[in-house]
Amino acid sequence: MINTKIGHFPPAKQFGMILHGVIIIALAGISIWGFANLTNAEVGPAFVSYLLTGLLAFAPIPFLGYRAYALFKADYYIDRDSLAILWGLRVEDIPLTDIEWVRPASDLTNPLALPRLRLPGAVLGTRRHPDLGAVEFIASSARNLILIATSKHVFAISPKDAASLVRTFARATELGSLTPAEPKSVYPSFVITQAWESPFARFLWMTGILLNLGLVAWVGLLIPSVSQVPFGFNPFGVPNVTAPSVRLILLPLISALMFITGLITGLYLYRWEKERPLAFIIWLSSTLCAVLFLMAVLFLVSTPV
């Protein structure tokens, strides 16, 4: 047992981190390949195919990136007052007095069904059990699952040293609570909901989304109607390199990527009160970037070739 006052029982992380990293790198490579070929493709079926390949390969990357980050930060703690489950932005702090029992999932008469969409390192989700009702999985592995039951909820976690966690819980219960703890339950969506309550944040988000959608629509209309655009200038500002207009698609793609990156970074910083001004600065910068990309497209198509 680690300590009679506090126990620290992290989940297994190595294999899950490696797997998520490999998948993210593979998807990023496919996405880059699609967008790289997009700039040389003629408008038609090949152009659409490369565009869809790049977008579909990129779409899961933020989701998988967050799951990798959540696994990296994942931990389980237990002391004389509470048992804490930390998983990225997900936080569950359960007073020991609220816990009815802690036992291995292997003790169940009816096997526990696992979440359908799971990967090693991310066994997350909720499934119903005929005896326990809804069970929320916050685990990295389906092996050595430990069930924690309260009067309202059942959690399934996967500490690397499951037996030690059970012993530490029993010891902490025998010692008794020093200070009554308050239950705490925080979900990732809480940060988005909290930020959405700010009128300025809503304005920046919606403005950025509309600007990027407008940029995509405008470039989509320009590509068939313009054959060549300048993509290089000499020291005097005269265009000396031209390219097919299909390369204009790079501008809305880069703009959207910067906007999404800024949105996620701002949400990460918004969790702390003292960092919220920086979050607003990042969201404002992302929106202004979209304006600059609109101006860049206007400059390119209005410059004589």
Side-chain angles (χ1 to χ4, degrees), residues 1-21 64 66-108 111-115 118-127 129 132-188 190 271:
M1 188 162 58
I2 294 177
N3 193 298
T4 58
K5 293 185 178 181
I6 184 169
H8 168 224
F9 305 94
K13 300 181 180 182
Q14 185 175 13
F15 182 68
M17 291 294 298
I18 292 173
L19 180 63
H20 279 75
L64 292 169
Y66 171 73
R67 285 205 163 185
Y69 161 79
L71 177 61
F72 178 74
K73 301 291 287 186
D75 233 323
Y76 310 119
Y77 291 94
I78 185 171
D79 59 25
R80 290 178 61 176
D81 300 317
S82 66
L83 187 152
I85 302 171
L86 310 178
W87 205 276
L89 302 181
R90 178 76 169 94
V91 178
E92 194 71 38
D93 200 359
I94 312 168
L96 291 191
T97 53
D98 289 355
I99 298 176
E100 296 182 347
W101 50 260
V102 174
R103 68 180 63 161
S106 57
D107 289 352
L108 294 175
L112 191 62
L114 299 174
R118 64 182 185 276
L119 284 172
V123 183
L124 307 170
T126 302
R127 293 297 301 270
H129 186 270
L132 305 177
V135 178
E136 182 180 356
F137 289 79
I138 310 178
S140 67
S141 171
R143 301 174 60 186
N144 299 324
L145 285 173
I146 295 295
L147 300 177
I148 302 167
T150 69
S151 59
K152 299 179 180 178
H153 215 105
V154 178
F155 299 94
I157 64 174
S158 61
K160 207 161 30 173
D161 191 352
S164 185
L165 183 145
V166 175
R167 291 196 301 268
T168 302
F169 170 76
R171 177 61 176 163
T173 304
E174 291 172 1
L175 292 172
S177 177
L178 294 173
T179 306
E182 292 293 327
K184 181 181 180 182
S185 185
V186 178
Y187 292 82
F190 174 76
R271 297 181 300 159

Discussion item. Run the side chain to side chain donor-acceptor pair (under 3.5 Å) test on Ser185 and Glu92 for me, step by step, so that the C-alpha distance in whole Å, both residues' side-chain angles and the decisive distance to 0.1 Å come before the verdict.
Written reply: CA-CA 5 Å; Ser185 185; Glu92 194 71 38; 2.8 Å; yes
Worksheet item: When you look at Leu89 and Arg271, which way does the side chain to side chain contact (heavy atoms under 4.5 Å, CB included) test go after all the steps?
Response: CA-CA 9 Å; Leu89 302 181; Arg271 297 181 300 159; 2.9 Å; yes
Practice prompt. Could you check Phe72 against Met17 for side chain to side chain contact (heavy atoms under 4.5 Å, CB included), going step by step and ending with a plain yes or no?
Written response: CA-CA 7 Å; Phe72 178 74; Met17 291 294 298; 4.0 Å; yes
Discussion item. What verdict does the side chain to side chain contact (heavy atoms under 4.5 Å, CB included) test give for Leu132 and Leu147, after you've listed the backbone C-alpha separation in whole Å, the side-chain angles of each residue and the deciding distance to 0.1 Å?
Written reply: CA-CA 10 Å; Leu132 305 177; Leu147 300 177; 3.8 Å; yes
Worksheet item: Is there a side chain to side chain contact (heavy atoms under 4.5 Å, CB included) between Thr126 and Val135 once you walk through the steps?
Response: CA-CA 5 Å; Thr126 302; Val135 178; 5.9 Å; no
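What you find for Phe9 and Ser164 is that their closest heavy atoms are CE2-OG, 3.3 Å. Residues Ala172 and Asp79 come closest through the heavy atom pair CB-O, 3.7 Å. The minimum heavy-atom distance between Ile99 and Phe169, with the atom names listed, is CG2-CZ, 3.7 Å. Counting all heavy atoms, side chain and backbone alike, Tyr69 lies closest to Gly88 at CE2-CA, 4.1 Å. Nearest heavy-atom pair, Ala12 versus Leu71, reported as atom, atom and distance to 0.1 Å: O-CD1, 4.1 Å. When all heavy atoms of His129 and Leu112 are compared, the pair lying nearest together is CD2-CD1, 3.7 Å.
Side-chain contact between Ile148 and Trp101 is absent, with no heavy-atom pair separated by less than 4.5 Å. In this structure, the side chains of Leu86 and Tyr77 come closer than 4.5 Å at one or more pairs of heavy atoms. Counting heavy atoms from C-beta on, the side chains of Ile94 and Pro183 never come closer than 4.5 Å. In this structure the side chain of Ile138 reaches within 4.5 angstrom of the side chain of Phe155, judged on heavy atoms. Proximity of Pro10 to Tyr76: side-chain heavy atoms (C-beta onward) are nowhere separated by under 4.5 Å. Using a 4.5 Å heavy-atom cutoff, the side chains of Asp161 and Pro159 are not in contact. Using a 4.5 Å heavy-atom cutoff, the side chains of His20 and Leu119 are in contact. Side-chain contact between Leu124 and Arg118 is absent, with no heavy atoms from C-beta onward closer than 4.5 Å.
Atom CG of Leu19 and atom CG of Leu64 lie 9.0 Å apart (nearest 0.5 Å). The CZ atom of Arg167 sits 12.0 Å away from atom CD1 of Ile78, with the distance rounded to the nearest 0.5 Å. The distance from atom CD1 of Ile157 to atom CG of Asp75, rounded to the nearest 0.5 Å, is 10.5 Å.
Here Arg67 pairs with nothing under the salt bridge (charged side-chain N to carboxylate O under 4.0 Å, His left out) rule; sequence neighbours left out. Here Ser158 pairs with Ser140 under the side chain to side chain donor-acceptor pair (under 3.5 Å) rule; sequence neighbours left out.
Under a cutoff of 6.0 Å and an axis angle of 45°, Arg90 and Trp87 do not form a cation-pi pair.
Using modelled atom types, one side-chain atom of Ser141 and one backbone atom of Arg143 make a donor-acceptor pair closer than 3.5 Å. In this structure, the side chain of Lys73 does not engage the main chain of Ala68 through any donor-acceptor pair within 3.5 Å. At distances below 3.5 Å, at least one donor-acceptor pair connects side-chain atoms of Arg127 with backbone N or O atoms of Leu114.
Counting heavy atoms of neighbouring residues, nucleotides and ligands inside a 6.0 Å radius, atom CD of Glu182 does not exceed 12 of them.
A side-chain donor-acceptor contact under 3.5 Å links Asp93 and Ser82.
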